Amino acid sequence: DISVRNAILVSFHEQFFPYLAETQFLRHLFSALSDECFDVRLQAVQLLCRLLELNPSIILPVMRREFVMFIDNISAKEQDIQVEGLKLLAMVATHAPDIVMKFLGGVTPCLLSMLTNTPRNAPITLPLLETIAATAEAVGPALNHNGVSNLAVSRVCDILGSLSFDKSIQTVRKKGLRAIAAVIQHCGETICPYKTHPTLCKLLTSIVLNKDECHECRIEALRIVGIVGALDPHKVDALQLEATEGGTGTHADGAYGEM
């Protein structure tokens, strides 16, 4: 029964890990990677990632093969398979970041393609934002390769800017803000993000000042402001002018307060 298999995997906590890392028990976890139920497969991936340090010689080769399959899933044409691939990648990034780092050359082209081609209101947007945040936290400045981090922040700003303040899409807005925060904080984007992304200031201000916005979204927006640093309010208009005219960034020089 699917519910029973999932409940068994969920029930394992750290006290079981020394035993689960033994070869005889790992075989059962490896078989769960091919389960018909995605939730069971996802839980098996999480467990194996957490067990990796206890028995890397056996677990790591299997997880590397699985990770290649996750990348293939992200590149698939079927959206359901793409969503599964993104969730599995995010799980590995959260619990075994070293694996993501080793395969970053294959991950970044997939993320670039999805960020560029995914429609703003597509169902895949939410797992994509979660994966961007998890990957940024896992690999840090390495995500700057090929401009993925800059594109990620710009694209997420576009997505959030196009959304209404309807309560039904607050989850997407919250995940988008967390993705921006993760990229800026972990990928070395704290030098001049307001120059690189001129619409970011207006986006954050509109969310913070909107009393109808959910509390969590406003907190996430304030968190990004805290990560980036102080901004001279007299320079906000210059940033907006740069955004609309496609300026080179010279108007925003000196826009930053002391960190």
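Worth saying up front: this structure is predicted, and the values here are computed from it rather than measured. These values consider heavy atoms only, across backbone and side chains, with no hydrogens, waters or symmetry-generated copies.
- Note that SG of Cys110 is 9.0 Å distant from CG of Leu86, once rounded to the nearest 0.5 Å.
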Show me the donor-acceptor pairs, under 3.5 Å and distance only, between side chains in residues 46-58 and residues at least two apart or in other chains.
from: Gln46; atom 1: OE1; to: Gln43; atom 2: NE2; distance (Å): 3.4
from: Asn55; atom 1: OD1; to: Ser57; atom 2: OG; distance (Å): 3.4
from: Asn55; atom 1: ND2; to: Ala21; atom 2: O; distance (Å): 2.8

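- The two atoms that bring Val156 and Gly176 nearest to each other are CG1-O, 3.4 Å, heavy atoms only.
- Here salt bridge (charged side-chain N to carboxylate O under 4.0 Å, His left out) pairs that include residues 92-103, with residues two or more places apart or in two chains, number zero.
- Residues Lys174 and Cys214 have side chains not in contact (no heavy-atom distance under 4.5 Å, counting atoms from C-beta outward).
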Task: Candidate pair Leu177 and Leu204, rule side chain to side chain contact (heavy atoms under 4.5 Å, CB included), full reasoning - done: CA-CA 9 Å; Leu177 291 169; Leu204 297 177; 4.1 Å; yes
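- In the hydrophobic clustering of ILVMFWY residues, with side-chain heavy atoms under 4.5 Å counting as a link, Val10 and Leu26 come out apart.
- The shortest non-hydrogen separation linking Val45 to Met91 is CG1-CG, 4.1 Å.
- The side-chain heavy atoms of Cys157 and Ile180, taken from C-beta on, include a pair separated by under 4.5 Å.
- Ala182 pairs by the side-chain contact (heavy atoms from CB on, under 4.5 Å) definition with Ala133, Ala136, Glu137, His186, not counting sequence neighbours.
- If you chain together hydrophobic residues whose side chains sit under 4.5 Å apart, Met69 and Val100 never meet in one group.
- Atom CG in Leu111 sits 4.5 Å away from atom CD1 in Ile132 (nearest 0.5 Å).
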Open item on the list: For Ile74 and Thr131: C-alpha separation, side-chain torsions, deciding distance, then whether side chain to side chain contact (heavy atoms under 4.5 Å, CB included) applies.
Closed with: CA-CA 11 Å; Ile74 294 175; Thr131 304; 5.6 Å; no
- [ ] For the pair Thr135 and Thr108, evaluate side chain to side chain contact (heavy atoms under 4.5 Å, CB included) and give the outcome as yes or no after the intermediate values.
- [x] CA-CA 10 Å; Thr135 304; Thr108 50; over 6 Å; no
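- Other residues sharing the hydrophobic cluster of Val208, ordered by chain and number and joined by side-chain separations under 4.5 Å: Leu222.
- For the side-chain hydrogen bond (donor to acceptor under 3.5 Å, both in side chains) test, residues two or more places apart in sequence or in another chain that qualify with Ser3 are Asp1.
- Linking Ile, Leu, Val, Met, Phe, Trp and Tyr whenever their side-chain heavy atoms come within less than 4.5 Å puts Ile8 and Leu33 in one cluster.
- Side chain of Ser154 to backbone of Leu151: no donor-acceptor contact under 3.5 angstrom is found.
- For Glu130, the salt bridge (charged side-chain N to carboxylate O under 4.0 Å, His left out) criterion is met by Lys175, not counting sequence neighbours.
- Remark: Thr94 pairs with no residue by the side-chain hydrogen bond (donor to acceptor under 3.5 Å, both in side chains) rule, at least two apart or across chains.
- Interatomic distance, NZ of Lys211 versus CG of Leu209, reported as 9.5 Å (0.5 Å rounding).
- With values rounded to the nearest 0.5 angstrom, Gln15 atom CD is found 11.5 Å from Leu20 atom CG.
- The cluster map of Ile, Leu, Val, Met, Phe, Trp and Tyr, joined by side-chain heavy atoms under 4.5 Å apart, puts Phe38 and Val40 in the same cluster.
- For residues 54-69, no residue pair satisfies the salt bridge (charged side-chain N to carboxylate O under 4.0 Å, His left out) rule, not counting sequence neighbours.
- Sequence neighbours left out, the pairs with a member in residues 25-38 that pass salt bridge (charged side-chain N to carboxylate O under 4.0 Å, His left out) are Arg5-Asp35, Arg5-Glu36.
- Panel note: side chain Ser206, backbone Lys202; a donor-acceptor pair is recorded below 3.5 Å.
- Within the model, atoms CD1 of Ile124 and CD of Gln82 stand 4.0 Å from one another, a figure rounded to the nearest 0.5 Å.
- Taking every heavy atom of both residues into account, Gly85 and Asn73 meet most closely at CA-CB, 3.8 Å.
- The CD atom of Glu84 sits 7.0 Å away from atom CD1 of Ile81, with the distance rounded to the nearest 0.5 Å.
- Heavy atoms only, all atoms of each residue included: Arg155 and Leu115 are closest at NE-O, 2.7 Å.
- With sequence neighbours excluded, no residue forms a side-chain hydrogen bond (donor to acceptor under 3.5 Å, both in side chains) with Lys87.
- Screening residues 75-102 for ring pair (Phe, Tyr, Trp, His ring centres under 6.0 Å) gives no qualifying pairs among residues at least two apart or on separate chains.
- Counting heavy atoms of neighbouring residues, nucleotides and ligands inside a 6.0 Å radius, atom CD of Glu216 does not exceed 12 of them.
- A 4.5 Å side-chain heavy-atom check between Arg173 and Glu220 finds every atom pair outside the cut-off.
- Using a 4.5 Å heavy-atom threshold, the side chains of Phe67 and Leu89 count as touching.
- Within 6.0 Å of CG on Asp72 lie more than 12 heavy atoms contributed by other residues, nucleotides or ligands.
- Nearest heavy-atom pair, Ile224 versus Ile184, reported as atom, atom and distance to 0.1 Å: CG2-CD1, 4.1 Å.
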Open item on the list: Go through it in stages, so that I can follow the logic: the residues are Arg223 and Gln185, the test is side chain to side chain contact (heavy atoms under 4.5 Å, CB included), and I'd like the CA-CA distance, side-chain angles, deciding distance and then a yes or no.
Closed with: CA-CA 10 Å; Arg223 180 180 171 217; Gln185 182 175 7; 3.3 Å; yes
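- Here His215 pairs with Ile219 under the side-chain contact (heavy atoms from CB on, under 4.5 Å) rule; sequence neighbours left out.
- The shortest heavy-atom contact between Leu9 and Leu29 is CD2-CD2, 3.6 Å.
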